[in-house]
Amino acid sequence: MANYLTERRKELELTMRQVAEAVGVSEGTVSRWESGAIANMKRDKIYALAHVLKTTPSFIMTGEGGEALPANLKPLPKTKKIPLLGTIACGEPILAVENVADYIDADAETHADFALCCKGDSMINARIFDGDIVYIRKQEAVENGEIAAVLVDGTESEAEATLKRFYHEGDKIRLAAENPMYPDQLFAGERINSVRVIGKAVAFLSTVR
């Protein structure tokens with residue numbers, strides 16, 4: 001990785017500091033990239049460096065295929081398909097086929113197992129609005145205060161996961177909205193068993209407003 005990155009940077013009359021600030025790393029990291037001391041770069045940094053040096057990700061990794069990119073173009077990160085859940089059949093695994101409404105794209109670097117479409121305005125103070133897509137990592141427990149996808153079991157055969165801040169306080173569970181218009185939901189005694197965390201919110205995609 002040495003030499004050719006340095007040469008390309010100098011061709012563009014860029015300093016290490018300028019590259020570092022544009023990519024979001026330290027100047028020392030840029031120096032180690034150019035010297036070859038760091039052999040494995042994260043994918044997002046490869047794309048970012050390629051954009052700054054007006055070249056291709058292939059050139060960043062190998063020194064070959066360095067056709068310059070137009071200044072107004074930026075390589076898109078790789079994506080993966082994850083299931084977008086609709087209503088959830090009680091008693092079925094979360095990712096059962098009958099629970100999947102569609103499949104949507106997610107950045108390959110986002111560690112999410114499924115997604116939910118947010119409904120309503122209960123999480124607006126967390127910048128999550130009606131219609132936003134929230135990406136969820138499947139797990140059965142979260143830390144207090146984290147935003148979680150939660151199922152509250154009832155007598156109906158189908159349910160929708162609710163998105164709330166989760167708190168386990170002594171012998172109670174509290175689900176808190178991010179909107180003062182909505183009161184906290186409290187569960188105590190046997191009702192605690194009706195609350196089931198199905199995942200932690202790790203990212204969201206907001207519609208243009």
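- Within the model, atoms CE of Met41 and OG1 of Thr29 stand 9.5 Å from one another, a figure rounded to the nearest 0.5 Å.
- Residues Ala177 and Ser122 come closest through the heavy atom pair CB-O, 3.3 Å.
- Between Glu34 and Arg9 there is a salt bridge, since a side-chain N of the basic residue sits under 4.0 Å from a carboxylate O of the acidic one.
- When side chains are defined from C-beta on, Thr110 counts as touching Val202, because their heavy atoms get closer than 4.5 Å.
- Annotation: side chain of Val30 is in contact with side chain of Met16 (closest heavy-atom distance under 4.5 Å).
- In this structure, Leu151 CG and Ile198 CD1 are separated by 4.5 Å, a value rounded to the nearest 0.5 Å.
- Under the 3.5 Å distance criterion, the side-chain polar atoms of Asp130 are matched with a main-chain donor or acceptor of Gly120.
- With values rounded to the nearest 0.5 angstrom, Lys42 atom NZ is found 15.5 Å from Tyr47 atom OH.
- Considering only heavy atoms from C-beta on, Val134 comes within 4.5 Å of Leu163 through its side chain.
- Under a 3.5 Å cut-off, the side chain of Lys164 and the backbone N or O of Arg174 do not form any donor-acceptor pair.
- For NZ of Lys119, the number of neighbouring non-hydrogen atoms (other residues, nucleotides, ligands) closer than 6.0 Å is 12 at most.
- Shown are Ile173, Asn144, Asp184, Val142; of these, the side-chain contact (heavy atoms from CB on, under 4.5 Å) with Tyr167 is made only by Asn144.
- Side-chain atoms of Arg165 come within 3.5 Å of backbone atoms of Gly145 as a donor-acceptor pair (strictly under, hydrogens ignored).
- By the 4.0 Å N-to-carboxylate-O rule, Asp113 lies too far from Arg137 to be salt-bridged with it.
- The two atoms that bring Leu5 and Trp33 nearest to each other are CD1-O, 3.9 Å, heavy atoms only.
- Ile192 and Val197 end up in the same hydrophobic cluster when Ile, Leu, Val, Met, Phe, Trp and Tyr side chains are linked at under 4.5 Å.
- With ring centers used as reference points, Tyr135 lies 6.0 Å or more from Phe114.
- Between Val23 and Val52, the shortest heavy-atom contact is CG2-CG2, 3.9 Å.
- With salt bridges taken as basic N to acidic carboxylate O contacts below 4.0 Å, one links Asp105 and Lys81.
- How far OG1 of Thr56 is from CD1 of Ile60: 7.0 Å, rounded to the nearest 0.5 Å.
- Separation of atoms CD (Glu21) and OG (Ser26) is listed at 11.5 Å; rounding is to 0.5 Å.
- Looking at Gln185 and Phe187, their side chains come closer than 4.5 Å, going by heavy atoms from C-beta outward.
- At a threshold of 4.5 Å between non-hydrogen side-chain atoms, the residues Met123 and Ile147 count as touching.
- Side-chain heavy atoms closer than 4.5 Å link hydrophobic residues (I, L, V, M, F, W, Y) into clusters, and following such links, possibly through other members, connects Leu85 to Tyr103.
- Residues Phe166 and Leu175 are in side-chain contact: their nearest non-hydrogen atoms beyond the backbone lie under 4.5 Å apart.
- Donor-acceptor pairing under 3.5 Å is recorded for the side chains of Tyr182 and Asp121.
- For Glu143, the CD atom sits in a loose shell: 12 or fewer heavy atoms of surrounding residues, nucleotides or ligands are nearer than 6.0 Å.
- Closest of all the heavy-atom pairs between Arg191 and Ser194 is O-OG, 2.6 Å.
- In the hydrophobic clustering of this structure, Leu12 groups with Tyr4; members are Ile, Leu, Val, Met, Phe, Trp, Tyr whose side-chain heavy atoms approach within less than 4.5 Å, directly or through other members.
- Heavy atoms only, all atoms of each residue included: Asp107 and Lys80 are closest at O-CE, 4.0 Å.
- Between Ala149 and Leu116, the shortest heavy-atom contact is CB-CD1, 3.7 Å.
- Note that the CG atom of Asn179 and the CD1 atom of Ile128 stand 12.5 Å from one another [nearest 0.5 Å].
- A salt bridge is defined here as a Lys NZ or Arg NE, NH1 or NH2 lying under 4.0 Å from an Asp or Glu carboxylate O, and Glu11 with Arg8 meets this definition.
- Between Lys45 and Val25, the closest side-chain pair of non-hydrogen atoms falls below 4.5 Å.
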